[in-house]
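In this chain, numbering begins with 1 at the start of the sequence shown.
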Amino acid sequence: MKRKTVIILVLIIIISIFPACGEKNVIIGKIKGDDGADFTYKRGIIEFADELPNDTIYYGEYDYNSYSPLHYLTIMPDKVVYTANTAVYTEDKNDEIFSLCRDPVCDHSKPETCIVSFGLISHPIPTDEYIYFLKATTVFRYSLLTMTTDEYAVFNIYLISLSQMGRYLYVGIAGGLYVKIDLVTDTAMVLEPELIDLAMRYSYDGKIYLMDASCNIYESDDNMDNIKLLASDRNPDCFIQSSYEVYNSKLYYVTKENEQNYLCVYDLETEVVTEKIPGVFCFTLSDDIMYMQFYDPQPGPEYMENGEMAVSVNRTGNKIYTVPINDLNNKKLLNAFENIYDECTGSMVGGNYLYATGNYLYADVTEIYNDYSVGFASYRLNIRTNKWQRIAGFEDPFR
């Protein structure tokens, strides 16, 4: 009897010393600002360290030199994830579209085994084995092999972005901090950029390209140190992801001066603007070809607004052009978009977001439905066949 009592007491002591499995509750920093609130890592798979391996080499499943991050859509070579409500996964090499939930009898109610059950998520990052994504204060990791979901990292502060460069994952924290995670070792460190409102948009050749609330563009190293201003006073009208891109040691960006749109080419080596093309509204680059839309406002389809019919404005005339990267004034019409969705009376392509991968050109499309309501969808143009495909609608991917 005494032996049993001793064993029970020992178990009680052990339980009181060690918290529940996975619980960390480690203060890893302070949020910038007047309140200076604690930034706490609550639980998860990662462990924090003072330093990470200095390796921005792109290899294997992390062999991505550049990709397009959008709040609900992430495009990488051979991988696309669309997450209007976490339903669709498609590859950037054929026209097939898959459900992220691979279980045909799943009722989409269990987050631990079904990614669709999370509802609206953001900033998906796919690798060969996992999809990393954000939901409130948590970075989740969904296995494409076992169809199970882990709490990869849970914090006490709302998470606002998720980006990738090579083997590193960058988690943007409300309050100006970032967490840099090594996906190979699952170790992490806290980054504190000098400017608190910088948002990571792109990575390229070991550098990070960031933008602040005024749309100024900056360059930094992989730890967000050595920040350098590249372009300022831009005021683009399109989505910020289609307003600048780094390609072959040059920064291409859209700016607006005296109500006129321009595409500027900034040489990162000489640090001067070498070209300035008028009229460009948004663009993207792939395989030495630039895909662009020009500001060309045209009357669009009618829609319902506050109970009354109104005429939409198609800011780019539904036209997309191709331009050789070495001759930016030699434009050629690639495609004049036409409505392909039976539930729409009309559609307007791009004008906000474009991204090319070599196989496809991805674009946002504004859809006017048969009841004259307005919605948004992601489409892609097969570069080989010159045919459009609707990937999914923003509000309902299975509409």
Side-chain angles (χ1 to χ4, degrees), residues 68-75 80 82-84 88 90 92 95 97 236-245 252 254 261 263 277 279-287 289-305 310-323 331-397 399:
S68 177
L70 201 59
H71 180 74
Y72 56 88
L73 172 69
T74 297
I75 302 170
V80 179
Y82 182 92
T83 60
V88 175
T90 183
D92 181 55
D95 292 343
I97 298 176
D237 288 327
C238 63
F239 279 12
I240 52 178
Q241 285 82 1
S242 291
S243 71
Y244 74 101
E245 196 167 333
Y252 297 81
V254 173
N261 293 286
L263 171 71
I277 312 298
V280 179
F281 193 79
C282 62
F283 73 97
T284 185
L285 284 157
S286 179
D287 296 337
I289 298 293
M290 179 176 286
Y291 302 83
M292 60 172 63
Q293 291 191 285
F294 287 81
Y295 185 67
D296 181 22
Q298 302 289 333
E302 290 186 318
Y303 68 101
M304 186 71 69
E305 183 179 28
V311 178
S312 60
V313 177
N314 189 331
R315 294 183 293 180
T316 60
N318 261 359
K319 297 176 182 178
I320 300 174
Y321 297 85
T322 58
V323 183
K331 69 178 183 179
K332 179 182 178 181
L333 181 65
L334 169 68
N335 189 280
F337 182 81
E338 296 181 0
N339 182 47
I340 63 171
Y341 191 42
D342 291 340
E343 295 190 28
C344 290
T345 61
S347 303
M348 297 179 289
V349 67
N352 284 320
Y353 176 75
L354 295 174
Y355 188 76
T357 62
N359 296 324
Y360 293 91
L361 173 67
Y362 295 83
D364 71 298
V365 171
T366 303
E367 297 180 325
I368 311 298
Y369 302 118
N370 295 333
D371 61 359
Y372 299 104
S373 62
V374 181
F376 301 93
S378 287
Y379 282 59
R380 61 180 176 181
L381 176 69
N382 189 313
I383 301 299
R384 300 178 299 277
T385 65
N386 203 33
K387 292 183 179 180
W388 284 97
Q389 178 188 24
R390 187 180 190 268
I391 300 175
F394 181 75
E395 294 181 352
D396 182 2
R399 183 187 174 99

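With 3.5 Å as the limit, one finds a donor-acceptor pair spanning the side chains of Asp371 and Ser373. For Asp95 and Tyr360, the side-chain atoms include at least one donor-acceptor pair closer than 3.5 Å.
Contact check for Cys282 versus Met292: no side-chain heavy atoms found under the 4.5 Å cut-off. The closest side-chain heavy-atom distance from Val365 to Val349 is below 4.5 Å. Taking 4.5 Å as the limit, every side-chain heavy atom of Ile277 sits out of range of all side-chain heavy atoms of Val323. Side-chain contact between Met348 and Pro301 is present, with at least one heavy-atom pair separated by less than 4.5 Å.
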Given side chain to side chain contact (heavy atoms under 4.5 Å, CB included), test Trp388 with Arg380 step by step and report yes or no.
-> CA-CA 6 Å; Trp388 284 97; Arg380 61 180 176 181; 5.6 Å; no
Between Tyr252 and Met290, does a side chain to side chain contact (heavy atoms under 4.5 Å, CB included) hold up when you go through it step by step?
-> CA-CA 10 Å; Tyr252 297 81; Met290 179 176 286; 3.6 Å; yes
Under the side chain to side chain contact (heavy atoms under 4.5 Å, CB included) rule, what do Tyr369 and Val374 come out as? Steps first, then yes or no, please.
-> CA-CA 6 Å; Tyr369 302 118; Val374 181; over 6 Å; no
Ring pair (Phe, Tyr, Trp, His ring centres under 6.0 Å) between Phe283 and Tyr291, intermediate numbers included = CA-CA 5 Å; Phe283 73 97; Tyr291 302 83; over 10 Å; no
What's the verdict on side-chain hydrogen bond (donor to acceptor under 3.5 Å, both in side chains) for Tyr379 and Glu367, showing C-alpha distance, side-chain angles and the deciding distance?
-> CA-CA 11 Å; Tyr379 282 59; Glu367 297 180 325; 2.5 Å; yes
Should Leu381 and Leu334 be marked as a side chain to side chain contact (heavy atoms under 4.5 Å, CB included) after you check the CA-CA gap, both sets of side-chain angles, and the distance that decides it?
-> CA-CA 10 Å; Leu381 176 69; Leu334 169 68; 3.7 Å; yes
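Looking at every heavy atom in both residues, Val311 comes nearest to Gly300 through CG1-O, 3.6 Å. Closest approach of Asn370 to Cys344, counting heavy atoms only: OD1-C, 3.4 Å.
Here the straight-line distance linking atom NZ of Lys319 with atom CG of Leu333 works out to 7.0 Å at 0.5 Å rounding. Atoms CG and CG, from Leu361 and Leu354 in turn, are 5.5 Å apart once rounded to the nearest 0.5 Å. Residue Asp287 holds its CG atom at 8.5 Å from OG1 of Thr357, rounded to the nearest 0.5 Å. Atom OG of residue Ser286 and atom CD of residue Glu245 lie 8.5 Å apart, to the nearest 0.5 angstrom. In this structure, CG in Asp342 is found 10.5 Å from CZ in Arg390, a value given to the nearest 0.5 Å. Distance check: Ile289 CD1 to Thr284 OG1 gives 12.0 Å after rounding to the nearest 0.5 Å.
Between the side chain of Asn314 and the backbone N or O of Thr316 there is at least one donor-acceptor pair closer than 3.5 Å. At distances below 3.5 Å, at least one donor-acceptor pair connects side-chain atoms of Thr345 with backbone N or O atoms of Ile368.
Two rings, from Tyr321 and Phe294, have their centers less than 6.0 Å apart.
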